[in-house]
Amino acid sequence: MLSLARGLAVIRAFGSAPLSIAEAGRLTGMSRAAARRCLHTLAVLGYVDGGSGGYRLAPKVLSLGYAYLHTASVPRVAQPVLERLAERLHESCSLTVLDGDEIVYVARAATRRILSVGLSVGSRLPVYCTSMGRVLIAFASDAERSVYLSRVRPVRHTPHTIVDREGLRSEIARVREAGYAIVDQELEIGLRSLAVPVRRPDQSVAAAMNVGVQATRVDRDTMVREYLPVLQAAAEEIGFALGHAPR
């Protein structure tokens, strides 16, 4: 099972640029010899391409993610709701789940590109500076939230990013009390987003969904007054459907 864990660690280490054996070892904390063996095995299995000039993920690796998307009820139920929501608001809408210290996009309906980095299903962003991340950690268990807040090391992405741990703790408490989160240009200048939890019929939180806007076009008051009720209704629709979705 150690070999499996190492192989998965190497897959997660890939970015947009080719990955060398030395880089794979450095990013995963394993020796060059172990990294070489992992990359060779992944290449033989068809999950990576390349050689001495560096390795890249091969299309076959998508089969690992598609298995989740095809069997998990949350993205399957959410996608048509997100598309209707995006059409109604004329803004991009997304759904994410929590994975460690990051959020993972599992469904998305994009009407325009707001972030400088394109987002799609499978994209990851930090919890602390995203509206969906704050919703997910706010409604996690007390123990999970406490552990996260004790280990997070916020990075300042913009002058607005909350990097003080006590300030972040206070903001997450406010999100939990209000039931929604607004992140105002903390991840990228010009991006303002509003997120709410998606609750299952038993009231546990299955995911978070948001709408992202250009800050120059839509102010905070408008988001709360006009967008929040629509977003909450869509979240309720998804939550209701999850209670009746086939498992």
Side-chain angles (χ1 to χ4, degrees), residues 64-111 119-149 168-169 171-183 193-213 223-247:
L64 302 176
Y66 285 147
Y68 168 77
L69 293 175
H70 290 163
T71 58
S73 59
V74 175
R76 188 173 64 247
V77 165
Q79 188 61 46
V81 179
L82 286 177
E83 290 172 0
R84 292 197 301 272
L85 182 64
E87 183 176 1
R88 177 174 177 179
L89 297 178
H90 305 292
E91 304 287 357
S92 296
C93 302
S94 305
L95 188 99
T96 64
V97 295
L98 190 63
D99 185 19
D101 293 349
E102 297 177 314
I103 56 172
V104 182
Y105 283 69
V106 297
R108 180 164 166 79
T111 60
L119 293 175
S120 59
V121 170
S123 295
R124 291 172 172 268
L125 289 174
V127 164
Y128 67 89
C129 59
T130 55
S131 59
M132 290 184 286
R134 288 183 184 170
V135 162
L136 288 169
I137 203 66
F139 291 99
S141 69
D142 292 344
E144 187 175 5
R145 185 166 56 257
S146 177
V147 168
Y148 171 77
L149 288 169
L168 182 61
R169 189 185 301 274
E171 178 61 18
I172 289 172
R174 190 208 64 76
V175 170
R176 186 173 178 84
E177 181 178 356
Y180 67 89
I182 291 182
V183 167
S193 64
L194 167 69
V196 298
V198 175
R199 296 183 181 274
R200 302 181 183 91
D202 65 3
Q203 294 304 298
S204 61
V205 173
M209 64 185 300
N210 88 335
V211 57
V213 303
M223 292 193 83
V224 174
R225 184 178 65 253
E226 299 181 11
Y227 287 35
L228 180 58
V230 179
L231 197 62
Q232 289 173 327
E236 288 179 8
E237 181 181 352
I238 295 172
F240 177 81
L242 286 176
H244 298 82
R247 297 183 181 275

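Predicted model, so just to flag it, every value in this text is computed and none were measured.
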Set of residues satisfying side-chain contact (heavy atoms from CB on, under 4.5 Å) with respect to [X], sequence neighbours excluded:
X: E83; result: Q79, A109
X: Q232; result: V196, L228
X: P80; result: R84

Kindly give the heavy-atom pair with the smallest separation between [X] and [Y], and that separation in Å.
X: V77; Y: A241; value: CG1-CB, 3.3 Å
X: G239; Y: P201; value: O-CD, 3.4 Å
X: V135; Y: A195; value: CG2-O, 3.6 Å

Pairs in or reaching into [range]: which pass salt bridge (Lys or Arg N to Asp or Glu O under 4.0 Å), with residues at least two apart or in two chains?
range: residues 123-137; value: D99-R124, E102-R124, R134-E186
range: residues 195-206; value: none
range: residues 223-232; value: none

Practice task
Among L242, V81, V198, L85, find the residue that satisfies the side chain to side chain contact (heavy atoms under 4.5 Å, CB included) test when tested with E237.
Solution key: V81
Practice task
First locate atom OG of S146, then atom CD of E144, and finally report the distance between them rounded to the nearest 0.5 Å.
Solution key: 11.0 Å
Problem - Reported CZ-to-CD1 distance for the pair R76 and I238, which is rounded to 0.5 angstrom - result: 13.0 Å
Practice task
Without swapping roles, check the side chain of Y148 against the backbone of Y128 for a donor-acceptor pair under 3.5 Å.
Solution key: yes
Completion exercise
Sorted by chain and residue number, the side chain to side chain donor-acceptor pair (under 3.5 Å) partners of S193 (sequence neighbours excluded) come out as S131
Do [X] and [Y] have side chains that approach each other closer than 4.5 Å (heavy atoms only, starting at C-beta)?
X: T96; Y: L136; answer: yes
X: R108; Y: S92; answer: yes
X: R145; Y: F139; answer: no

Side-chain donor/acceptor pairs under 3.5 Å, residues 172-183, sequence neighbours excluded:
{"from": "R174", "atom 1": "NE", "to": "E171", "atom 2": "OE2", "distance (Å)": "3.3"}
{"from": "R174", "atom 1": "NH2", "to": "E171", "atom 2": "OE2", "distance (Å)": "3.4"}
{"from": "R176", "atom 1": "NH1", "to": "A138", "atom 2": "O", "distance (Å)": "2.6"}

Practice task
With side-chain contact (heavy atoms from CB on, under 4.5 Å) as the test, would you mind laying out the steps for Y105 and L125 before giving the verdict?
Solution key: CA-CA 9 Å; Y105 283 69; L125 289 174; 3.5 Å; yes
Problem - With R88 via salt bridge (charged side-chain N to carboxylate O under 4.0 Å, His left out) - residues at least two apart - result: none
Distance-only criterion, 3.5 Å: show the donor-acceptor pairs between side-chain atoms of residues 206-213 and protein atoms not counting sequence neighbours.
{"from": "N210", "atom 1": "OD1", "to": "S94", "atom 2": "N", "distance (Å)": "3.4"}

